[in-house]
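Below: the structure, in structure tokens.
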Amino acid sequence: MRPLKLTLSAFGPYAGLETLDFTLLGDSGLYLITGDTGAGKSTIFDAITFALYGKDSGKDRRERSFRSMYAESDSQETFVELTFLHQGREYTVRRQPEYERFSKRSGKNTLKGAEATLLCPDGTIITKKTQVTEKIVELLGINRDQFKQIAMIAQGDFLRLLQAKTEDRIKIFREIFQTGRYRQFQDRVKEEAQALR
């Protein structure tokens, strides 16, 4: 999976509509995001992870906390949209967290429900949150926790992956490279060899 474009609207510390065009950074798919403390680096990780899996990249913040307290107006929509390339095909996923916003009509805060949409290369549109997440897991072959450990390694997390027990790393890489069937074959060959002995 290679991100192509990320759009954030009133998300985290980003008050307005912000777009990150990853295509301007080349096509290697390896990016280093740096900046001062509080500059919004983690929010970029959160936005990508939220777009894909419906949760942030950290300690499971509540969805309502994604709404920027600096939103340019009460009516401004909060959402994240990510266009990414996977196996040569382009997908666009858009998620809106549940959040409260001021309604001019009622004169008070109202709850805006969470929404998700995945546009597939063949024109199929998936609109249920859980189905969008399931399709992303199916496509990428990894869940959110594995994605956090491998695809988006924030701050000290890379060191934790390197220092993880061998068994934990094997499980992670087995999921990524879908080597389960080879493991099953290996186990079956061992069993048959023992039976022959």
Taking side chain as C-beta onward, heavy atoms only, is [X] less than 4.5 Å from [Y]?
{"X": "R67", "Y": "E100", "answer": "no"}
{"X": "Y53", "Y": "D145", "answer": "no"}
{"X": "F84", "Y": "V93", "answer": "yes"}
{"X": "V132", "Y": "R95", "answer": "yes"}
{"X": "T23", "Y": "K5", "answer": "no"}

Please determine whether residues [X] and [Y] belong to a single hydrophobic cluster, defined as Ile, Leu, Val, Met, Phe, Trp and Tyr linked transitively by side-chain heavy-atom distances below 4.5 Å.
{"X": "I142", "Y": "V137", "value": "yes"}
{"X": "L17", "Y": "L82", "value": "no"}
{"X": "Y91", "Y": "M1", "value": "yes"}
{"X": "F50", "Y": "I126", "value": "yes"}
{"X": "F22", "Y": "L85", "value": "no"}

Distance from [X] atom [atom1] to [Y] atom [atom2], nearest 0.5 Å?
{"X": "T78", "Y": "F66", "atom1": "OG1", "atom2": "CZ", "value": "11.0 Å"}
{"X": "L119", "Y": "E90", "atom1": "CG", "atom2": "CD", "value": "9.0 Å"}
{"X": "L4", "Y": "T92", "atom1": "CG", "atom2": "OG1", "value": "8.0 Å"}
{"X": "K55", "Y": "D46", "atom1": "NZ", "atom2": "CG", "value": "13.0 Å"}
{"X": "D21", "Y": "T7", "atom1": "CG", "atom2": "OG1", "value": "9.0 Å"}
{"X": "E115", "Y": "Q96", "atom1": "CD", "atom2": "CD", "value": "4.5 Å"}

Heavy-atom pair with the smallest gap, counting every atom of [X] and [Y]:
{"X": "S9", "Y": "E77", "value": "OG-O, 2.6 Å"}
{"X": "P13", "Y": "T43", "value": "CD-OG1, 3.1 Å"}
{"X": "L140", "Y": "H86", "value": "CD2-ND1, 3.8 Å"}
{"X": "F11", "Y": "S68", "value": "N-CB, 3.9 Å"}
{"X": "E98", "Y": "A114", "value": "N-CB, 3.7 Å"}

Legend entry - The single option from L52, T124, I136, I125 passing side chain to side chain contact (heavy atoms under 4.5 Å, CB included) against L118: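 Going through the options one by one, the only one that passes is I136.
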Legend entry - Pairing of E138 and K135 as salt bridge, 4.0 angstrom limit: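 So E138 pairs with K135 through a salt bridge.
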Legend entry - Side chain E192, main chain V189, donor-acceptor under 3.5 Å: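 Pair absent, no side-chain N/O of E192 close to backbone of V189.
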Inset, instruction - Report yes or no: do T127 and T117 form a side-chain donor-acceptor pair below 3.5 Å? - result: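 No - no donor-acceptor pair under 3.5 Å links their side chains.
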